[in-house]
Amino acid sequence: MAAKGFFNAFADVWMHEGVRTPMVDYGGALGHISPTDLGIKAAREALKRAGVAPTEIGSVITGNMAPGDFDQFFLPRHIGLYAGVPQEVPAIMAQRICGTGFELFRQAGEQIEAGVCEAALVVGTESMTRNPIAAFDHRTGFKLGAPVGFKDYMWEALKDPAAGINMIQTAENLAKKYNITREEVDQFASDSFAKAVAAQEAGFHAGEIMPVITEKFELEGYKARGIKLQGKVTEVRADTHARISPVEVLAKLKPVYEGGVQTGGNSAALVDAAAACVVTSGTYAKAHGKQPLARVVAAAAVGVPPEIMGIGPAPAIRLLLARTGLQLSDIDRFEINEAQGAQTLAVGRELGLDLSKLNVNGGAIALGHPLACTGVRLTITLARELQRSGLRYGIASACVGGGQGIALLIENPEAFRKNPKTK
């Protein structure tokens, strides 16, 4: 596939300590909490860990897909205000479906390089549990005998009406196109679970997770918001979906479509979560004595056929490499969202990717895919992995429903300081 789309290169954009909530299974301990409040929690902690005062933030850039409550329109503004960002600082919601979290970093980079601000607060938050049961047909009333239009918002949103296809079917199309078998998909999923459990047991994931507790978010002169855990739960501190899942167990699961390769066990888990990060200029970081987590080098977004939307990361990554002068072999780690197992394997085959560099701490099949949160989470995880392993370049990427792909190139600051001349 030709590398077409748009590309941003950033000369002096840096991400600082990021943080996320635990990713908790659909209907679990975070299921009753507004995505706004999950976002506020993540935003406050990201500012604290980065050592950046809320008053230093010049832009709030948030992402959220499905409305988790009736005040979703105000989500960006409320996250900023209740995180302590000054009232005069604006907030915006960005949306690129599964690529939303990466889009937040891209927009932060654009704003910083344009001189709009020196420091931006990036927050992706999603409650899959609170996806509404919705109807769009009854504003003028219910007609006698006519069907009632209430449907599951999340389930219906998985279907692209232009192509008449849902997201699982796009993965099945890729499985056929790239000759990917059910056995290969189950093995990939089993490996994702095993890597996630190993990273969990080693304490790697804990380094980016903040425990969620019952607490209030006060804002002088305004109604307090907050989080209230239910029942006997007093703290939520770990991801809940990862578990050892042998191939022989996954093989027993029924495919979504007869004769297909995708099952509930080898597709992304439904979870609730929020993640946040502070992004600044290098000038700001130096002036305030900050040690960034990573340099945001470049971003790329592309379009692909809707019926094989899952291949999107491949041309997005190719565009990044072509425009930065890097080779695939120069990239030390990849975080590619595991929307479906066959989809991720297809990207790997299209690129000729060394899978030993991919999602080394587990992916969305094991950990979950909370839509707008995912790109922020993957970027934070990738930056931390580069620092832990002492490696230089990483790419985080995702496919996007409707037929798009987005990718972000980041660099380990230690490697950059040793050799600041980049390609």
Side-chain angles (χ1 to χ4, degrees), residues 8-20 39 42-54 56-63 83 94 99-113 116-125 207-210 274-300 320 324 331-335 372-389 391-398 406-417 420 422:
N8 298 91
F10 304 117
D12 197 28
V13 175
W14 302 81
M15 60 179 287
H16 298 264
E17 289 292 337
V19 68
R20 64 178 176 89
R44 286 184 164 201
E45 185 66 20
L47 290 164
K48 179 181 176 182
R49 292 196 183 192
V52 174
E56 297 289 326
I57 297 297
S59 182
V60 177
I61 309 172
T62 69
T100 294
F102 303 115
E103 179 66 19
L104 307 183
F105 282 101
R106 190 190 73 80
Q107 292 200 20
E110 282 192 336
Q111 290 188 19
I112 289 167
E113 297 254 300
V116 172
C117 65
E118 288 291 321
L121 177 61
V122 162
V123 184
T125 181
E208 64 195 37
I209 294 174
M210 57 175 184
C277 189
V278 177
V279 182
T280 75
S281 69
T283 302
Y284 175 94
K286 290 174 185 175
H288 292 79
K290 303 298 179 188
Q291 296 296 321
L293 183 63
R295 184 170 82 96
V296 182
V297 181
L320 269 184
T324 56
I331 309 304
D332 302 297
R333 290 286 185 267
F334 293 86
E335 287 286 339
C373 168
T374 289
V376 182
R377 197 283 292 180
L378 289 174
T379 305
I380 292 168
T381 299
L382 178 61
R384 294 180 61 249
E385 169 59 26
L386 289 177
Q387 287 211 345
R388 179 178 73 164
S389 56
L391 299 171
R392 182 164 193 170
Y393 288 115
I395 289 178
S397 183
I406 189 166
L408 196 68
L409 173 65
I410 65 173
E411 183 179 18
N412 182 348
E414 288 300 317
F416 177 76
R417 277 190 282 271
T422 56

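A quick note: this is a predicted structure, and the numbers were derived from the prediction, not measured. What's counted below: heavy atoms across the whole structure, side chains too, no hydrogens, waters or symmetry copies.
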Arg106: what forms a side chain to side chain donor-acceptor pair (under 3.5 Å) with it, not counting sequence neighbours?
-> Asn8, Glu103, Glu110

Only residue of Leu104, Val13, Leu121 satisfying side-chain contact (heavy atoms from CB on, under 4.5 Å) with Val279 is Val13

Minimum heavy-atom distance Ala120-Ile61, with the two atoms named = CB-CD1, 4.4 Å

Can you find a side-chain donor-acceptor pair between Thr381 and Glu208 that sits under 3.5 Å?
-> yes

State the CD-CD1 distance between Glu385 and Ile380, to the nearest 0.5 angstrom.
-> 14.5 Å

For Phe10, which residues count as a ring-ring contact (aromatic ring centres under 6.0 Å, His included) partner, sequence neighbours excluded?
-> none

Hey, could you give me the CZ/OG1 distance between Phe102 and Thr374, rounded to the nearest 0.5 Å?
-> 8.0 Å

Only one of Met15, Lys286, His16 passes side-chain contact (heavy atoms from CB on, under 4.5 Å) with Pro292; say which it is.
-> His16

Shortest non-hydrogen pair, Leu408 vs Val296, comes out as CD1-CG1, 4.1 Å

When rounded to the nearest 0.5 angstrom, what is the spacing between CH2 in Trp14 and OG1 in Thr280?
-> 9.0 Å

Could you check Ile209 against Arg20 for side chain to side chain contact (heavy atoms under 4.5 Å, CB included), going step by step and ending with a plain yes or no?
-> CA-CA 5 Å; Ile209 294 174; Arg20 64 178 176 89; 3.6 Å; yes

How long is the span from the CG atom in Leu409 to the OH atom in Tyr393, to the nearest 0.5 Å?
-> 7.0 Å

Considering all heavy atoms of both residues, which atom of Ala396 and which atom of Thr379 are nearest to each other, and what is their separation?
-> CB-OG1, 4.2 Å

Applying side chain to side chain donor-acceptor pair (under 3.5 Å) to Glu17 and not counting sequence neighbours gives none

